[in-house]
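Working notes for the structure below.
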Amino acid sequence: MKSEPDVFSLNDLIGLPSQTTFWEGVRNYQARNFMVNEMAVGDQVLFYHSNANPSGIAGLAEVVTPATVDITALDPSSKYFDARSTSANPRWYAVSVGNPVRFARFVPLNELKINRALREMLVIRKGQRLSILPASLQEFSTIVALGNPLRG
DNA sequence: GCCAACGTTGGC
DNA sequence: GCCAACGTTGGC
């Protein structure tokens, strides 16, 4: 899952009292569908910092609730407001993410690009702009080994 | 800040 | 249903 660290970083998540956040604001159908259809409570998440210097994977988190209606789409005062989403017929959904773990070492994008085991990984593809992307177990394990997360 | 890549919108 | 125009993403 991608987030711009200037907006919401892994450290921001770690700093929340609940260490949990609703992944609000996704306004792309494919990304939404991943959350609604593909994610389950307990799934591990690679927390990717996009538009960063450098961009890359900062650590891990975990899906802690199934997808529910993203009410920011219904709130005219929200920057994520979407008039086409209504409470009777909501268009946007999101999961909540918690249990953040910061990697001992940040894994930058250029390191992902040169790793043979990650050659097929979607996040390194040019023009791949989806804010939520699937990763295979092999890719996940490879990246965790690179980041060597400190476990609670 | 540039701009390539891509998704979405809306006229037809 | 096509596709040009537009807006956004995100690496660099």
Side-chain angles (χ1 to χ4, degrees), chain A residues 1-16 20-39 43-63 66-98 100-149:
Chain A
M1 298 178 89
K2 299 182 188 176
S3 187
E4 298 191 27
D6 290 347
V7 178
F8 188 80
S9 69
L10 180 63
N11 275 350
D12 290 335
L13 179 58
I14 291 169
L16 295 176
T20 298
T21 191
F22 184 63
W23 206 260
E24 65 186 28
V26 170
R27 298 293 178 265
N28 171 283
Y29 289 107
Q30 273 183 272
R32 178 203 68 180
N33 291 343
F34 281 130
M35 288 195 284
V36 172
N37 300 323
E38 309 296 334
M39 288 183 167
D43 283 357
Q44 295 296 113
V45 172
L46 295 161
F47 198 111
Y48 181 88
H49 283 175
S50 62
N51 246 322
N53 189 19
S55 293
I57 297 175
L60 301 176
E62 185 180 326
V63 176
T68 59
V69 173
D70 184 350
I71 58 168
T72 65
L74 309 176
D75 176 3
S77 69
S78 170
K79 64 176 174 177
Y80 299 124
F81 177 66
D82 180 354
R84 298 161 303 183
S85 188
T86 64
S87 52
N89 194 11
R91 179 177 291 211
W92 303 116
Y93 292 77
V95 298
S96 286
V97 167
V101 182
R102 189 180 153 84
F103 278 171
R105 41 179 305 278
F106 184 84
V107 183
L109 180 59
N110 60 17
E111 217 170 294
L112 304 180
K113 285 180 172 174
I114 61 174
N115 193 301
R116 291 179 59 79
L118 303 175
R119 268 179 305 183
E120 301 296 314
M121 203 176 176
L122 291 170
V123 77
I124 68 172
R125 298 239 179 114
K126 187 177 184 180
Q128 180 50 264
R129 303 176 312 156
L130 275 184
S131 62
I132 299 174
L133 293 165
S136 72
L137 183 56
Q138 185 211 18
E139 290 161 350
F140 177 84
S141 304
T142 299
I143 290 168
V144 169
L146 291 171
N148 183 30

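The structure displayed is predicted, hence computed values, not measured ones. Chain identifiers are assigned alphabetically (A, B, ...) following the order of the sequence lines, protein sequences preceding nucleic acid strands; residue numbering begins at 1 within each chain.
Separation of atoms CE (A:M35) and CD1 (A:I132) is listed at 3.5 Å; rounding is to 0.5 Å. With values rounded to the nearest 0.5 angstrom, A:D82 atom CG is found 10.0 Å from A:T86 atom OG1.
Within a 6.0 Å radius of CG in A:N37, more than 12 heavy atoms belonging to other residues, nucleotides or ligands are found.
DNA chain C contains the following stems of three or more consecutive Watson-Crick or G-U pairs, with both distances under 3.5 Å: B:1-12 with C:1-12.
In this structure, A:H49 and A:F106 have tilted ring planes: the angle between them lies in the 30° to 60° band.
At a threshold of 4.0 Å, the pair A:R125-A:E120 counts as salt-bridged, since one of the basic side-chain nitrogens sits closer than that to a carboxylate oxygen.
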>> Within the 4.0 Å limit for protein heavy atoms, which parts of nucleotides 5-10 of chain C are touched? Write it as a string from 5' to 3', B for base, S for sugar-phosphate only, - for none.
In response: --BBBB
Report, one line per pair, each donor and acceptor closer than 3.5 Å where one atom sits in a side chain of residues 67-77 of chain A; sequence neighbours left out.
from	atom 1	to	atom 2	distance (Å)
A:D70	OD1	A:T72	N	3.0
A:D70	OD1	A:T72	OG1	2.6
A:D70	OD2	A:G25	N	2.8
A:D70	OD2	A:R27	NH1	2.9
A:D70	OD2	A:R27	NH2	3.4
A:D70	OD2	A:T72	OG1	3.4
A:T72	OG1	A:R27	NH2	3.0
A:D75	OD1	A:S77	N	2.9
A:D75	OD1	A:S77	OG	2.7
A:D75	OD2	A:S77	OG	3.1

>> Using side-chain hydrogen bond (donor to acceptor under 3.5 Å, both in side chains), reason through A:N148 and A:R105 one step at a time and then give a plain yes or no.
In response: CA-CA 7 Å; A:N148 183 30; A:R105 41 179 305 278; over 6 Å; no
